[in-house]
Amino acid sequence: MQSLNPQQQQAVAHIEGPMLVLAGAGSGKTRVVTYRIAHLLDIGVLPSDILAVTFTNKAAEEMRTRIRMLKSAHILTCTFHSLGARILRESIGHLGYLNDFTIYDEEDSEKLLKSCLEQLNISNEKGLLRQIRNAISTAKNNLSDNIEAYPEVYDLYQTKLRESQALDFDDLLYLTVKLLKEHESVRQEYQKRWLFLLIDEYQDTNAAQYHIAKLLSEQHHNLFAVGDPDQSIYSWRGARYQNILNFESDFPGARIITLDQNYRSTNTILQAANALIQHNANRYEKKLWSQIGEGDKIGIFIAQTERAEADFVAKQILKHALDQHISFNEIAIFYRTNAQSRAFEDALLSRKINYTLIGGLSFYQRREIKDILSLLKMVISNADLLAWLRTINLPKRGLGPTTLEKITLAASKNGTPIFTFSEQLLERPHADVKLSGKQLQGLTDYVKLIHHLRARRPSIPLHELISEAISESRYLSYLEEDAETCQDRKENLNELIGKASEWEKEQPQPSLSRFLEELSLNAHVEEDDYVPSVKLMTLHNSKGLEFNVVFLAGLCEDLFPHINSKDSEEAIEEERRLCYVGMTRAKRHLYLCSSLYRFTWGAEQRMEPSRFLKEVPAQYLQNFSPVLHTIQEESDYSGFTTGDRVLHQEFGEGIVKKAYQGTFGLTYEVYFPSHNLTRNLAAKYAKLVAVNSRPLA
DNA sequence: ACCACTAGGATTTTT
DNA sequence: TCCTAGTGGT
């Protein structure tokens with residue numbers, strides 16, 4: 001307790017009733033949550049009475065380990081989605097579903113939706129598929145069961161999900177709310193199970209998540225919510241930061257505590273971030289402060305091209321690593337869209353800097369992994385249509401799209417699960433499905449393969465089952481058709497086997513179904529820390545993390561803020577919050593980078609520097625850019641141009657005569673009247689300071 | 001049914 | 001620039 005400030009202490013000591021902690025960036029939020037859990041345990045609350053819900057798997061993991069550092073108890077920490085999966089696994093029967101449903105990820109549900117469009121003869125023009133997917137997702141997250149456009153697609157999609165005995169990600173929330181709302185006994189059961197409920201990142205809860213929180217805490221009222229409205233960045237996923245502002249009225253008797261002392265960043269970084277977020281009209285005033293001291297100025301770099309931008313970042317990373325002995329693990333590059341990562345990967349690779357790409361296409365989303373996992377899904381399920389479609393013709397068994405459509409349609413008409421239907425087809429022919437001898441043989445092989453794996457499942461460990469699935473299906477010979485990618489893919493499969501056996505060792509009761517469930521909800525938990533590496537990620541992925549050195553890249557108008565957010569001030573404000581989140585991840589060194597030209601879709605495009613650059617006052621900035629005049633015209637960055645007055649440590653006041661790119665990077669030719677001396681000074685070595693008001697004598 | 005080739009569309013952000 | 005859906009030949 002003594003290591004906490006008074007506000008933190010109050011939050012930690014809070015026991016019963018609703019509480020909202022408005023926790024600014026870096027204000028020790030995780031610490032407060034973990035200490036409070038420890039405190040609850042100290043006063044005799046059982047570990048099993050406590051439920052902590054976070055926003056990402058990573059955050060859940062982090063919280064679990066932080067709690068374990070304090071207490072040896074096991075506290076259930078999970079995301080809303082995995083909480084939903086857990087509840088539904090136990091109780092979905094009340095809604096008329098079977099409880100051994102499979103979970104479809106984004107790719108799966110998009111494929112399923114695509115098949116719906118095809119079946120209804122609706123062509124996927126102008127990203128209609130995506131639009132409908134978003135509409136369905138939004139509807140479910142807002143707890144509505146219809147959409148305006150193409151309701152028939154929604155209906156068919158739901159029907160197909162049910163036929164496949166599958167739930168999509170949004171169902172995990174939507175159906176949980178439905179279950180808790182409509183079945184009082186079920187609701188009471190879960191209200192009794194968890195007497196203390198903690199929710200992190202409360203500003204990013206959507207309607208469904210909000211209702212889960214409300215329903216679960218209705219009896220005991222012990223809801224402890226933590227969040228920061230300035231860090232709400234998921235409105236496009238239905239998040240409503242208003243939830244945090246309405247907390248007092250939603251949960252009568254709520255106490256509210258604000259944490260505004262920042263323990264992470266230098267004052268320069270905080271002031272700059274504060275200044276930026278001030279440009280948002282819709283916000284509750286809160287000013288972070290810190291005792292860490294002023295620290296370095298924020299580096300600004302406007303490159304000519306995105307390549308040059310990446311080069312600067314790579315160079316600067318090496319400089320920090322070599323000069324200040326900062327580990328690569330303490331350095332991160334953030335960008336707005338995943339596609340931006342490539343330039344940085346190239347630059348880091350060419351300098352042999354280890355890096356880890358966070359997010360993006362994860363291991364478990366790779367084709368070969370999903371193929372084999374789908375095969376394993378068929379071991380468990382008779383109904384999983386997508387897993388069946390994915391594996392039935394791998395390797396080629398003579399069953400092409402036309403035949404598959406006939407089979408799936410007939411199975412659907414029959415009301416028979418797809419695999420069961422396949423088995424029946426072998427025994428007696430079906431009027432609508434005529435198969436050639438070759439096709440019949442192929443289908444027989446497939447059914448035999450699944451039967452074989454099903455028979456083997458009880459007697460061999462999981463990782464052996466996986467390698468048997470690979471060998472028995474002759475998957476490797478299929479991979480060998482593409483010589484270029486074959487080696488990589490084989491290695492990935494080996495890694496999958498390795499990961500499975502590792503997982504088996506850790507689990508008290510390993511089973512195939514648990515393994516698959518964990519993977520579908522926890523698709524990226526990788527990351528080996530053995531080799532220090534620079535972390536590359538989107539700004540969204542950066543939430544909740546901190547690094548000694550942060551590069552915020554691609555600060556170009558239309559990229560960040562993104563072009564799609566231009567038509568509404570609300571959306572621009574969310575982009576600004578995203579920028580705020582990025583800046584406040586930095587502990588000591590922050591760089592804001594941009595470029596004047598950028599390759600998009602193969603063509604070079606002129607970009608304007610982001611408005612966010614101009615919203616950070618020049619006094620906090622230090623310009624590293626080579627193209628001074630361009631920048632000076634366009635905004636008020638620090639950095640010097642001809643005519644600027646500067647102060648030098650040794651020579652005193654001087655005037656910049658020229659700025660140019662020298663051997664040591666940006667260089668100034670400066671005249672010092674008091675010494676009657678002209679010197680060429682490299683910007684990175686001579687620490688020149690701006691002299692603002694006073695003219696030279 | 002499968003293969004090879006081509007034209008046109010794509011990039012926001014995530015559980 | 002890269003990926004994928006669509007086309008036409010075998």
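Being a predicted model, the structure only gives us computed values, none of them experimental. By convention in this document, chain letters (A, B, ...) are assigned in the order of the sequence lines, proteins followed by strands, and residues within each chain are numbered from 1.
Centre separation under 5.5 Å together with a plane angle under 30° does not hold for the ring of A:Phe599 and the six-membered base ring of C:dT1, so they are not marked as stacked.
Checking B:dT11, B:dT13, B:dT15 against the side-chain heavy atoms of A:His562 singles out B:dT11 as nearest. Comparing B:dT12, B:dT15, C:dC2 against the side chain of A:Thr79 picks out B:dT15 as the nearest. Nearest to the side-chain atoms of A:Thr538 among the listed nucleotides B:dT14, C:dA5, B:dT12 stands B:dT14. Taking only side-chain atoms of A:Arg130, from C-beta outward, the nucleotide of B:dT13, B:dA1, B:dT11 with the closest atom is B:dT11. Between C:dA5, B:dT15, B:dT13, one nucleotide has an atom nearer to the side chain of A:His540 than all others, and that is B:dT13.
Regarding A:Glu201, its CD atom lies at a distance of 14 Å from the P atom of B:dT14, rounded to whole Å. The distance between atom CG of A:Asp346 and atom P of C:dT1, rounded to the nearest whole Å, is 13 Å. Rounded to whole Å, atom P of B:dT14 lies 18 Å from atom CG of A:Asp168. Atom-to-atom, OH of A:Tyr597 to C1' of C:dT1 comes out at 20 Å; the value is rounded to the nearest Å. The interatomic distance linking A:Glu110 (CD) with C:dA5 (P) rounds to 11 Å, in whole Å. Protein atom NZ of A:Lys543 is 12 Å distant from nucleotide atom C1' of B:dT15, rounded to whole Å. A:Lys58 places its NZ atom 9 Å from the P atom of B:dT15, with the value rounded to the nearest Å. Straight-line distance from the CD1 atom of A:Ile572 to the C1' atom of B:dT12: 13 Å, rounded to whole Å.
B:dT11 sits 16 Å from C:dG6 when the P atoms are compared, rounded to a whole Å. Comparing the P positions of C:dT4 and B:dT13 gives a spacing of 16 Å, expressed to the nearest Å.
Using cut-offs of 30° and 60° on the angle between ring planes, the pair A:Phe551 and A:Tyr591 is parallel.
Nucleic acid contact class of A:Thr403 (heavy atoms, under 4.0 Å, all strands): sugar-phosphate only. At a threshold of 4.0 angstrom between heavy atoms, the contacts of A:Glu106 include nucleobase atoms, whether or not backbone atoms are also involved. Residue-level contact check: A:Tyr234 touches the backbone only, with heavy atoms under 4.0 Å from sugar-phosphate atoms and none from bases. Residue contacts for A:Asn393: at a heavy-atom cut-off of 4.0 Å it reaches the sugar-phosphate backbone alone, with no base atom in range.
Among residues two or more places apart in sequence or in another chain, the side-chain contact (heavy atoms from CB on, under 4.5 Å) test is passed with A:Leu449 by A:Leu375, A:Arg397, A:Leu453, A:Glu472, A:Ser473.
For A:Thr56 and B:dT14, the shortest distance from a side-chain N or O to OP1 or OP2 is not below 4.0 Å. Side-chain nitrogen and oxygen atoms of A:Asn338 include at least one within less than 4.0 Å of the OP1 or OP2 phosphate oxygen of B:dT13.
Taking the centre of each ring, A:His562 and A:Trp236 stay at or above the 6.0 Å mark. Taking the six-membered ring where the residue is Trp, the centroids of A:His279 and A:Phe612 are separated by 6.0 Å or more.
Judged by closest nucleotide on DNA chain B, A:Glu575 is the one of A:Glu575 and A:Phe169 placed further toward the 5' end.
Ion pair A:Arg64/A:Glu61 flagged as a salt bridge, since at least one NZ, NE, NH1 or NH2 atom sits closer than 4.0 Å to an Asp/Glu carboxylate oxygen.
Side-chain contact annotation: A:Tyr355 with A:Glu345, donor-acceptor N/O pair under 3.5 Å present.
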